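Worksheet: one structure, shown below.
Computed from heavy atoms alone, side chains included, the values below leave out hydrogens, waters and symmetry copies. Bear in mind the structure is a predicted one, so any value in this text is a computation, not a measurement. The chains referred to below are lettered A, B, ... by the order of the sequence lines, with proteins before strands, and numbering in each begins at 1.
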Amino acid sequence: MPNDTQILNVQGLSVQIPVHGSMLRPVRDVNLEVGRGETVAVVGESGCGKSLTALAIMGLLPRQAMVQSDALRLNSESLAQASPKRWRQLRGDQIAMIFQDPMTALDPCYRIGNQMCEILQQHRKISRTDAMARSRDLLGKVGIPAPEERLKQYPHQLSGGLRQRVMIAMALLCEPELIIADEPTTALDVTIQAQILRLLRDIQQETNIGLLLITHDLGVVAGMADRIVVMYGGQVVEVGTCDQVLAQPLHPYTEGLVRSIPVPGETEQGETLGYIPGIVPRQVGELSACGFVDRCPYATDICHAKSIPMRDADNARLMRCILPTDGSARDPAVWVLPDETTAQGAATHGSTPCPKF
Amino acid sequence: MLVYLSKRFLMTMLVIAVTSGIAFLLVHLSGDPAAAMAGEGASEADIEAVRATYGFDRPLYVQYLDWVGRILTGDLGRSTYLRADVTDVLARHVPVTATLGLCALTFALALSIPLGVIAALRPNTLIDRFALWVAVAGQALPSFLFALGLMYLFGVYFRLLPISGNETWWHFIMPSIALGYYATPAIMRLTRSGMLDVMQSDHVRTARAYGLAPWRVVVRHGLRHAIIPVVSLAAVQLGFMLGGSIVIETIFSLKGIGYLAWESIQRADIEVIQAILLVIAAAYAVLTLLADLLNAALDPRIRIS
Amino acid sequence: MNNMTTSAQDGAPVSLSPGRIALRRAFRHGGFWIGGTIILAIILIAIFAPLLTPYDPSVQSLSKGFVPPVWAKDGSWLHPLGTDNLGRDYLARLLYGARISLGLALLTVIISGTIGTAMGITAGYWGGWPDMIINFFITVRLTLPVVLVALVVVALIGSSLWLLILVIGLLLWDRFAIVVRSATQQLAQREYITSARAIGSSTPRILFREILPNITGPLVVVASIEIAHAILLEAALSFLGLGVQPPDVSWGLMVAEAKAQLLFRPWMIAIPGAALVLLIFAINLVGDALRDVTTPEGKA
């Protein structure tokens, strides 16, 4: 992808957090690029490091977290050495973030209009009246009825779906180049989820911004993303276009994820959906094996012996696995009846969840 | 909301009514008021005369109802020692105590809220430890001892401040600090824990994610929330201070109701004593009511529902 | 995602009761040791006061008034802390003063703890009307100013040590009631209480065998707070001249009697004052440590 259309370029991003004397490494060597007008989905189960990656890109991790990267560029401006002041100028202006739970992400003490104006006036020299007018226009644009009245309401007076629309309007206030949406529909009712996703997609296409969509739900990704980045255990394990990854997953973890989606018309009632046995292991210290080895049905001696590097697969895809890329040596049956011992093996690992931020 | 308010108001009235009864009983059952008023060495006939004059020979409930009836018309009784209406006596003393209480509260808030906020923003650092020690010391130091310490340091050693009386504002400085310091640990701890919570909350993360200036994040989106319970606590603490000012007022000879109470207790001036008990209890009840109202007013989720 | 994994918890052996675990954690807590040592020292001083000083704290010898303490000019080891205006040995008064301060606090807390716990359990276990009535009592009690009420009663009835204990005990039950009430409310909804009811355990049995043992944690914490509170209240009353009466001696009374010496002999206030602060500080340390170790989540 040519550099001038690239909005976000992250290379070799790692996050380390000291917890009780040991060093958690919830994000390891993550590469991520988002182009103008592109939607990139970061997919993985909870604890895989996807949210921490997003917070690291926003510069929002707490003090004690150590963030390292070879490159962290927004619009070819390097942020790795940016001052806190510069970070604040960029946040809300050039990068905006939409959070998971709209019930708590808005400040309950202030009216919607007040909160939107505060952001606008932080970043632009603009009068209160003009800021209100722009806020009202944006509320209308994200499909909120009677925006004039909403401005004067408090968050608790709105439904969850409306609040998430307010969050989206908020993100659009300063016409950012990049929007990071962290599980934007997880906390919403199923019927609302589709509406919010459609809204996000429409806005993304209309404004031609970059959208980094973080989700655990491959179903959400299907109609939205141009490219998919699959994360597991703090590492990127697979990268490819949406169609490629969903149709022909290369990494066993992705394969497991795809198999756990029910397909209308194909999945029969009563049929056991595939699932991946075990849980995400705790990320401490250097890897001495493939991160997925304990849960992988195809694991070999090599997988236990060393950490697996990223490698190019066909059609500009990337994968972190030694399996052949043509889909051979795979057996769908392994997902349906998981090996008891594999499940037990993973369980003894114990799990201390990664601290939430 | 209106139902809640009227319930709460009725409750306050009921509490004041019951406390007035208790105040009355305390004074009348703790010995013979007639004998106490007649003074030591009074003859049996004198005591009888007092008893008849003040109606102490009537049944207690009649006396109580009579007292309540007079209170409702604004008559708090007559001080036998001062030979003046209790209402007038209180009118002279209440402003002093009110001033002291408000100054003390201001001092307590000015010390504890910034300390609590800073401690919460930098947990487990030197300033956090310092704040903790201020709190621990505040809880271990009896107020009369702290008052005497202040008196010695600023009144006797450095001779900066007057040590007794209430003529000027200077007279109120040490008493306010002595009285207010007692409320700081509780307020500081509540501010600190509230700020610790709120700074972890989602909406503060949103505020930071949208690049708001740090002071805006801390004050507008942090303290604004943490302060809600602190305001209630402050109102309640003010109530406690009014009741506890007796020690400080006697030390600094500040002529407020605490000082008056202490003098009246020694003179067995029971009309004044029961009036003061009633006034302080009513003030406390009203302040707690006010605390609830402020709580509701400050939180839009309660206000608009 | 999967429901086959069972969380294999490794950690402490299961056989220890919560109380034992709390005790274990307490002994590893720094504040508990420091505070506990100070309190123990003061208790021992109170008990063995007659052995520690040859003087009687209330015997006056007017010819020997205001002997300076040992560190001052003209001081001697004969009276290490000097004497007061009436020639009573100050060290003896300090040592004997510990007796009243501690003993009175313990007795008042037994009274207030019993009242408060009974009210709290009643309100928390039954709820409904008893709860409303007891809540009302608590509100009324909080509305009455403690110092003033105690002063009035003591002044009008006439001061005696037993009256003082009774009055303070009858005034300080509010925190017990509040804390026990909410702790009981939480317990009463737990499954093992419900099942105890279901198998037909008698109410007293549930209250004494299931509820009471399980609220000892908060109860002990409140007791520590209230002991400190009672000591402070006694000191304040004595300071105002309506608490402990001569010939008895308490630290608050010593401060009161030395008040006039603020200008020339400030140490006479500082010595009993420091003793009071040290005792309260130690109790608070132990109280904080107990709160840390009895909170199930620990210090986090």
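Smallest separation of non-hydrogen atoms from Gln139(B) and Ile280(C): O-CG2, 3.7 Å. The minimum heavy-atom distance linking Thr143(C) with Ala281(B) is given by the pair CG2-O, 3.1 Å. When all heavy atoms of Leu156(C) and Leu26(B) are compared, the closest pair comes out as CD1-O, 4.4 Å. Counting all heavy atoms, side chain and backbone alike, Pro145(C) lies closest to Gly243(B) at CB-CA, 3.8 Å. Tyr284(B) and Leu142(C) get closest at one heavy-atom pair: CE2-O, 3.4 Å. Residue Ala155(C) comes nearest to Ile265(B) through the heavy atom pair CB-CG2, 3.0 Å, listed as atom of the first residue, atom of the second, then distance.
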Go through the steps for Tyr152(B) and Ile269(C) under the test side-chain contact (heavy atoms from CB on, under 4.5 Å), then give the verdict. CA-CA 10 Å; Tyr152(B) 180 73; Ile269(C) 292 174; over 6 Å; no
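With a 4.5 Å cut-off on non-hydrogen atoms, Val277(C) touches chain B through its backbone and its side chain both. Both the backbone and the side chain of Leu148(B) come within less than 4.5 Å of a heavy atom of chain C. Heavy-atom distances place the side chain of Ile251(B), and not its backbone, under 4.5 Å from chain C. With a threshold of 4.5 angstrom between heavy atoms, Ile16(B) does not approach chain C through any atom at all. With a 4.5 Å cut-off on non-hydrogen atoms, Ala228(C) does not touch chain B at all. Residue Phe281(C) touches chain B through both its backbone and its side chain, counting heavy-atom pairs closer than 4.5 Å.
Residue Met132(C) holds its CE atom at 7.0 Å from CE of Met11(B), rounded to the nearest 0.5 Å.
Ranking Leu277(B), Leu141(B), Ile273(B) against chain C, the residue ahead of the rest is Leu277(B), based on heavy-atom pairs under 4.5 Å. When each of Val147(C), Leu148(C), Thr139(C) is checked for heavy-atom pairs under 4.5 Å with chain B, Leu148(C) comes out on top. Considering only heavy-atom pairs separated by less than 4.5 Å from chain B, the leading option among Gly241(C), Ala282(C), Ala270(C), Ala235(C) is Ala235(C). For chain C, the option among Leu242(B), Ile22(B), Val236(B), Thr19(B) with the highest count of heavy-atom pairs below 4.5 Å is Thr19(B).
With a 6.0 Å radius and a threshold of 12 heavy atoms from other residues, nucleotides or ligands, Phe136(C) has its CZ atom above the threshold. Other residues, nucleotides and ligands place no more than 12 heavy atoms under 6.0 Å from the CZ atom of Phe137(C).
Considering only heavy atoms from C-beta on, Phe144(B) stays 4.5 Å or farther from Leu240(C) through its side chain.
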